[in-house]
Enquirer: 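Structure incoming, see below.
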Amino acid sequence: MSQLADMIITGNKVFTGLADRPEPASIAIANNRIIAVGSEEEINAFKGEYTKIYQFHDQLIMPGFHDFHLHIMHGAVSLNSVDLFSARSEQEALNMIKEFADSNLENPWVIGFTWDAGYWDTQKLPNRYSLDRILPDRPAILFHAEGHYAWVNSKALEIANITRETESPSYGIIGKDEDGEPNGILYEKAMGAVIRHAFTFSKEQKTEIFTNFLRHAASYGVTAVHDLFATESLEILDDFGLFKEFEDRGELTTRIHLWPALNGDIERAKQLRNAYQSDKLRVSGLKQFIDGVITARTAFLLEPYADQPETRGETCFPPETIKKWVTEADREGFSIRFHAIGDAAIRLALDAYEEAQKANGKRDSRHSIEHVEVIHPDDIHRFNELGVTASMQPDHFAMSERGVYTERIGSDREKYVFSINTLQRSGAKLAFGTDFPIDQLNPLLQIYRAITRIDSGGKDVWHPHERITLAEALKAYTIGSAYGSFREHELGTLEAGKLADIVVLERDLFAIPAEEIPHTKVQLTIVDGKTVYDWTKSFIKQ
């Protein structure tokens, strides 16, 4: 007698991840696992009196999206903030900020995200004085699209006690005007003094913020996420204990992989790893920054910036410190992930992983490099040789104005920007994510960008040879992320024995024009064998 299924999902378009095209199939689920995948006739044997049946036609059924890189609480804050990405001038941004501030008078701080002066008519950075005109008495912090610098007003500077005498932190810059006064632009770690005041939320507020995130993730078919250390100042938002409370109540509707800071405190890291190690909530490794971003010229390059030859950026920590931390953490069995955007940063990360391998012996470590934006061609083959995952967010190359980005790095390096297909062809394992809140949580935006390479202008294709196929992109967002977290045996494809994390899209992505992919809606999200989102019933709370 077959085990009876709690749920059966049937459709004409099932992308299991084991082939490159969807096929007709039925999936039987019992408890939290897939117990069989086969034809409708075969799976009928698992049907019982209480089996719930989902019958689909040409909607795409596939493994749940597995976001390999985001920041849960920081992103959750952005859901109740002003999104400035569409602004095309400083004045337009100010109008959006003013409208948001007036509509949200209960918030003591005005918080915003994703402005980019590269898209503005003047292409000039804003300053605190324009913000002061609309917000003279209420503090504001507005994060740049890349998240590595922020625009603040005088009230925010006053609360953070930043004056003309305040020295910039190591790896950070307090922008100054011609008179030596803070101009309202804070780079890298200089943002921390303001963030610490803006992001003080009560337990009740954090609970509400996190609940919103879970709803948001379910609505996009995101069934697993990787919550990566952001900065020391943003750690004020972290609350692993809160996540655990949700898990204990059965309310954790996405799997969370935690990546706290790689900072030399290996004992704390081991304690956290021991404390969080369940199917739904676990410490998967450690994460740190090597550099910043191209547009702020804080990414670390092998050669100077094309438009500012006196700098090539720098590292967040001394290279020897980075290598020491990696060797120590690798010896303790941790996977490590580095934010590395510039070619020098990527090389340093690879060098650190290689040195750890020589010191500790070769093992299946699955270290990763995040973003991999501007790579030196000599380093492409090293991902495969060292077993390093390329963790990428394809939509990021459309989030910066292409002309500004290219001016920074020059035409020679521009050839090696977001080399997704080249890395894959060299044998590198790809894993996709969003870096939410730097980008929207919608996985289909990343899929679209990976297969089209259409740039920020919406017309030109940035290196068409770096396009990948739709099947490859979907696999990078499912089995690629599962592999990167040592979970390919239980996540990432639809096959018997795997955890039942499944998403149903309203349309078959393989049968529609590419430009319609980002607008395709999620119809059903199943996590751990339970329906957590059904668009006919909106969000379902278990």
Side-chain angles (χ1 to χ4, degrees), residues 6-7 9 27 29-34 52 54 61-80 203-228 237-259 276-284 433-434 436-437 440-444 477-478 481-482 485 487 490-492 494 498-506 521-542:
D6 299 322
M7 184 189 298
I9 304 171
I27 303 160
I29 297 165
N31 297 316
N32 66 339
R33 292 196 180 262
I34 297 170
K52 186 171 186 179
Y54 282 104
I61 301 166
M62 59 170 283
F65 290 112
H66 190 145
D67 193 313
F68 201 57
H69 182 133
L70 54 65
H71 310 285
I72 289 177
M73 294 301 282
H74 193 201
V77 169
S78 77
L79 296 175
N80 188 33
K203 181 69 177 285
E204 291 71 29
Q205 287 172 314
K206 281 187 176 182
T207 299
E208 184 183 349
I209 287 167
F210 183 52
T211 300
N212 288 343
F213 170 80
L214 292 175
R215 287 200 180 112
H216 196 60
S219 74
Y220 277 126
V222 177
T223 59
V225 300
H226 290 249
D227 185 28
L228 273 62
L237 278 175
D238 287 346
D239 196 334
F240 299 171
L242 177 67
F243 301 165
K244 181 75 168 64
E245 288 174 24
F246 271 71
E247 182 187 25
D248 291 344
R249 293 196 300 266
E251 295 175 5
L252 203 53
T253 52
T254 186
R255 298 184 199 280
I256 298 177
H257 303 82
L258 303 167
W259 295 79
Y276 301 99
Q277 207 50 246
S278 73
D279 274 353
K280 285 275 195 76
L281 181 63
R282 64 175 60 179
V283 168
S284 292
T434 56
F436 177 70
Q440 300 171 45
L441 195 56
N442 182 5
L444 296 178
Y477 227 119
T478 51
S481 300
S485 44
R487 301 195 74 176
E490 57 183 356
L491 294 173
L494 302 181
K498 291 208 168 179
L499 291 164
D501 292 2
I502 300 170
V503 61
V504 181
L505 303 177
E506 62 170 332
K521 298 281 189 288
V522 167
Q523 192 154 340
L524 190 74
T525 306
I526 294 167
V527 176
D528 224 32
K530 295 183 180 70
T531 302
V532 299
Y533 177 82
D534 182 335
W535 79 352
T536 63
K537 301 170 186 168
S538 190
F539 181 78
I540 293 175
K541 185 175 175 183
Q542 296 297 330

Enquirer: What residues, two or more places apart in sequence or in another chain, satisfy side-chain hydrogen bond (donor to acceptor under 3.5 Å, both in side chains) together with Q277?
Expert: none
Enquirer: For a 4.5 angstrom cut-off between non-hydrogen side-chain atoms, does W535 reach V504?
Expert: no
Enquirer: To the closest 0.5 Å, what do you measure between CD1 (I72) and CG (L214)?
Expert: 7.5 Å
Enquirer: Where is the tightest heavy-atom contact between P63 and G492, given as atom of each residue plus distance?
Expert: CG-O, 3.5 Å
Enquirer: Taking the side chain as every heavy atom from C-beta outward, state whether T211 and F246 have any atom pair closer than 4.5 Å.
Expert: yes
Enquirer: Taking the side chain as every heavy atom from C-beta outward, state whether I502 and L494 have any atom pair closer than 4.5 Å.
Expert: yes
Enquirer: Looking only at heavy atoms, what is the nearest atom pair of E506 and K521, with distance?
Expert: OE2-N, 2.7 Å
Enquirer: Provide the closest heavy-atom pair for A500 versus I29 in the form atom of the first, atom of the second, distance.
Expert: CB-CG2, 3.7 Å
Enquirer: If we ignore angles and hydrogens, is there a donor and acceptor under 3.5 Å between the side chains of H66 and R487?
Expert: no
Enquirer: Please report the shortest heavy-atom distance between Y54 and T531, naming the atom on each side.
Expert: OH-OG1, 3.1 Å
Enquirer: Does some side-chain heavy atom of L441 sit less than 4.5 Å from a side-chain heavy atom of F213?
Expert: yes
Enquirer: Would you check if F65 and T434 make a side-chain contact, meaning some heavy-atom pair closer than 4.5 Å?
Expert: no
Enquirer: Return the CG to CG distance between L252 and L242, rounded to the nearest 0.5 Å.
Expert: 9.5 Å
Enquirer: Nearest 0.5 Å, what's the CG-CD distance between N80 and E208?
Expert: 8.0 Å
Enquirer: Side chains of I27 and M7, heavy atoms from C-beta outward: is any pair under 4.5 Å?
Expert: no
Enquirer: Between the side chain of T525 and the main-chain N/O of A218, is any donor-acceptor distance below 3.5 Å?
Expert: yes
Enquirer: Verify, without hydrogens or angle tests, whether K280 (side chain) and E247 (backbone) share a donor-acceptor contact under 3.5 angstrom.
Expert: no
Enquirer: Hey, could you give me the NZ/CG distance between K498 and N32, rounded to the nearest 0.5 Å?
Expert: 14.0 Å
Enquirer: Compute the ring centroids of F210 and F243, then answer whether they are less than 6.0 Å apart.
Expert: yes
Enquirer: How close do T254 and A224 get, counting heavy atoms only, and between which atoms?
Expert: OG1-N, 3.3 Å
Enquirer: Counting N and O atoms only, with roles assigned by atom type, does the side chain of D227 sit under 3.5 Å from a partner on the main chain of I256, one being a donor and the other an acceptor?
Expert: no
Enquirer: Excluding sequence neighbours, so at least two apart, what forms ring-ring contact (aromatic ring centres under 6.0 Å, His included) with H71?
Expert: H69
Enquirer: Please tell me if the side chains of H74 and L237 come closer than 4.5 Å, counting only heavy atoms from C-beta onward.
Expert: yes
Enquirer: Just by modelled atom types, is the V527 backbone N or O under 3.5 Å from a matching donor or acceptor in the D501 side chain?
Expert: no
Enquirer: Would the distance check show the side chain of S481 and the main-chain N or O of T478 forming a donor-acceptor pair, the cut-off being under 3.5 Å?
Expert: no
Enquirer: How far does CZ of R33 sit from CD of E490, to the nearest 0.5 angstrom?
Expert: 6.0 Å
Enquirer: For S284 and L258, indicate whether the former's side chain and the latter's backbone hold a donor-acceptor pair under 3.5 Å.
Expert: no
Enquirer: Taking side chain as C-beta onward, heavy atoms only, is I9 less than 4.5 Å from I526?
Expert: yes
Enquirer: I'd like to know if the side chain of D528 and the backbone of K530 have a donor-acceptor N/O pair within less than 3.5 Å.
Expert: no
Enquirer: What distance do D238 atom CG and M73 atom CE have between them, rounded to the nearest 0.5 Å?
Expert: 8.5 Å
Enquirer: Could you report the tightest heavy-atom contact between V522 and G221, atom names first, then the distance?
Expert: CG2-N, 3.7 Å
Enquirer: Ring-plane angle category for F68 and W259, please: parallel below 30°, perpendicular beyond 60°, tilted otherwise.
Expert: perpendicular
